[in-house]
Amino acid sequence: MDFKQRVFEACKRIPKGRVATYSAIARAIGNPKAARAVGNALDKNRSSLVPCHRVIRSDGRAGGFAHGTKEKIRLLRKEGVKIRNGKVQGKRFELLNP
DNA sequence: GACCTGACTCAAC
DNA sequence: AGTTGAGCCAGGT
């Protein structure tokens, strides 16, 4: 399984209404320092088959997104995630190791 | 294999 | 509180 594949798998198991940080994803796939690579992997996927909009930065910001952070935030709010001033207020979902 | 890029993170100023 | 620099990683050139 490729690195990005693992990243996608991790993203897919984020429940609706929950968000995970890039670090959490990286940690879940076994590379705690690979947050950057995680973002890179999602970048290739972009508007594809995984809920990439549920992946956020460690500081609560949305980070980059194809349709802009605003749109991403809107989607998250629609799913029940509390967001304030462009930052996620609710608790973030912690992924577990595979 | 080296170099550059990028949806990242942390610590220091 | 916003900016800067250094660290890490996968992918593409």
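When reading the values below, keep in mind they use all heavy atoms of this one structure, side chains included, and skip hydrogens, waters and symmetry mates. Numbered from 1 within each chain, the chains take letters A, B, ... in sequence-line order.
- Contacts classified as side-chain hydrogen bond (donor to acceptor under 3.5 Å, both in side chains) and involving residues 76-89 of chain A (residues at least two apart or in different chains) are given here: A/His53-A/Glu79, A/Arg54-A/Glu79.
- Applying the side-chain contact (heavy atoms from CB on, under 4.5 Å) rule to A/Arg13 yields the partners A/Ala28, A/Leu95; only residues at least two apart in sequence or on another chain are considered.
- When all heavy atoms are compared, the tightest approach of A/Arg46 to A/Cys52 is O-SG, 2.8 Å.
- Screening residues 17-29 of chain A for side-chain hydrogen bond (donor to acceptor under 3.5 Å, both in side chains) gives A/Arg27-A/Glu94 as the qualifying pairs, with residues at least two apart or on separate chains.
- The two residues A/Asn45 and A/Leu49 make their nearest non-hydrogen contact at ND2-N, 3.8 Å.
- Within residues 74-83 of chain A, no residue has any heavy atom closer than 4.0 Å to DNA chain C.
- Scanning DNA chain C 5' to 3' for nucleotides with an atom closer than 4.0 angstrom to a non-hydrogen atom of chain A gives a first and last hit of C/dG7 to C/dG11.
- Among residues two or more places apart in sequence or in another chain, the side chain to side chain donor-acceptor pair (under 3.5 Å) test is passed with A/Arg61 by none.
- For A/Lys91, the side-chain contact (heavy atoms from CB on, under 4.5 Å) criterion is met by no residue, not counting sequence neighbours.
- Scanning both residues, A/Ala26 and A/Ala35, for their nearest heavy atoms gives CB-N, 3.7 Å.
- There is a path of hydrophobic side-chain contacts, each under 4.5 Å, that joins A/Leu42 to A/Phe93.
- By the 4.5 Å side-chain criterion applied to Ile, Leu, Val, Met, Phe, Trp and Tyr, A/Leu76 is assigned to a cluster that also includes A/Val19, A/Ile56, A/Ile73, A/Val81, A/Ile83, A/Val88.
- By the side-chain contact (heavy atoms from CB on, under 4.5 Å) test, A/Arg36 pairs with no residue at all, sequence neighbours left out.
- In this structure, A/Asn40 reaches the bases: a heavy-atom distance under 4.0 Å links it to at least one base atom across the strands shown.
- Among the atoms of the strands shown, none is found under 4.0 Å from any heavy atom of A/Ala41.
- Under the side-chain contact (heavy atoms from CB on, under 4.5 Å) criterion, A/Arg74 pairs with A/Glu71, not counting sequence neighbours.
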Stepwise salt bridge (Lys or Arg N to Asp or Glu O under 4.0 Å) check, A/Asp59 with A/Arg57:
CA-CA 5 Å; A/Asp59 51 351; A/Arg57 286 176 49 149; 3.4 Å; yes
Protein-proximity profile, nucleotides 8-13 of chain B, B/S/- by nucleotide at the 4.0 Å heavy-atom cutoff, equals BSS---
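- Using a 4.0 Å cut-off on heavy atoms, none of the residues of residues 2-13 of chain A approach DNA chain B.
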